[in-house]
Amino acid sequence: MRLRKQNDALAEAEIELMAKVSDALAHPARIKIFRFIMKCNKERLLVCNKDIVSAFDYAQATISQHLKTLVNSGLVDVQKKEKYTYYFVNIGVLMNYLDITKKFE
């Protein structure tokens with residue numbers, strides 16, 4: 001049996017973004033870290049690695065691995081100032097992801 005090509009409502013780039021972001025949010029620790037960064041950003045507080053490590057009961061190496069996944073997905077942006085690295089939620093990517101999920105059938 002041969003499958004016909006269907007007119008897909010999702011473009012290839014949207015599918016890629018959905019997969020990357022879904023993968024990043026697939027671990028409970030990453031969701032907690034993401035929410036922590038978002039909450040701090042909302043309160044206009046700068047968030048660096050040591051803030052995240054002190055807020056959670058995870059090893060620093062574990063936090064770093066989870067942050068790397070969040071950054072690679074585009075959900076979190078990084079700004080380096082002097083010797084510190086600060087993390088910011090990328091609202092544009094988050095909203096784009098939410099819009100794409102609405103098209104998902």
Report task. Report yes or no: does Ser73 contribute a side-chain atom to a donor-acceptor pair with the main-chain N or O of Leu70 at less than 3.5 Å? Result -> yes
Query raised in the report: Checking salt bridge (charged side-chain N to carboxylate O under 4.0 Å, His left out) against Glu14, which of Lys103, Lys20, Lys102 comes through?
Result: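 Option passing the salt bridge (charged side-chain N to carboxylate O under 4.0 Å, His left out) with Glu14: Lys103.
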Query raised in the report: Which residue pairs satisfy the ring pair (Phe, Tyr, Trp, His ring centres under 6.0 Å) criterion with at least one member in residues 25-46, sequence neighbours excluded?
Result: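 Matches after skipping sequence neighbours: His27-His66, Phe36-Phe56.
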Query raised in the report: Which pairs count as ring pair (Phe, Tyr, Trp, His ring centres under 6.0 Å) when at least one residue sits in residues 72-97, sequence neighbours excluded?
Result: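 Listed by first then second residue: nothing to list.
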Query raised in the report: Are Thr85 and Asn49 close enough that some pair of their side-chain heavy atoms sits under 4.5 Å apart?
Result: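 With C-beta onward as the side chain, the pair stays apart.
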For a quick test of reading the model, state the closest non-hydrogen atom pair linking [X] to [Y] and the distance between them.
X     : Y     : answer
Asn90 : Gly74 : CB-O, 3.2 Å
Val89 : Asn41 : N-OD1, 2.7 Å
Ile63 : Ile52 : CG2-CG2, 3.6 Å

Query - Single-linkage hydrophobic cluster Leu46~Val76, side-chain heavy atoms < 4.5 angstrom - result: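 Not linked; separate clusters.
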Rounded to the nearest 0.5 Å, how far apart are [atom1] of [X] and [atom2] of [Y]?
X     : Y     : atom1 : atom2 : value
Leu75 : Arg30 : CG    : CZ    : 10.5 Å
Cys48 : Lys81 : SG    : NZ    : 12.0 Å
Thr62 : Leu67 : OG1   : CG    : 11.0 Å
Leu25 : Ile33 : CG    : CD1   : 11.5 Å

Please name all residues satisfying side chain to side chain donor-acceptor pair (under 3.5 Å) with [X], sequence neighbours left out, ordered by chain then number.
X     : result
Asp23 : none
Gln79 : none
Asn72 : none

Query raised in the report: Does any donor atom in the side chain of Gln65 or Thr69 lie under 3.5 Å from an acceptor atom in the other side chain?
Result: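 No.
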Query raised in the report: Is the number of heavy atoms from other residues, nucleotides or ligands under 6.0 Å of Asp99 CG greater than 12?
Result: yes
Query raised in the report: Excluding sequence neighbours, so at least two apart, what forms side chain to side chain contact (heavy atoms under 4.5 Å, CB included) with Glu43?
Result: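 Only Lys39, Leu45 meet the side chain to side chain contact (heavy atoms under 4.5 Å, CB included) criterion with Glu43.
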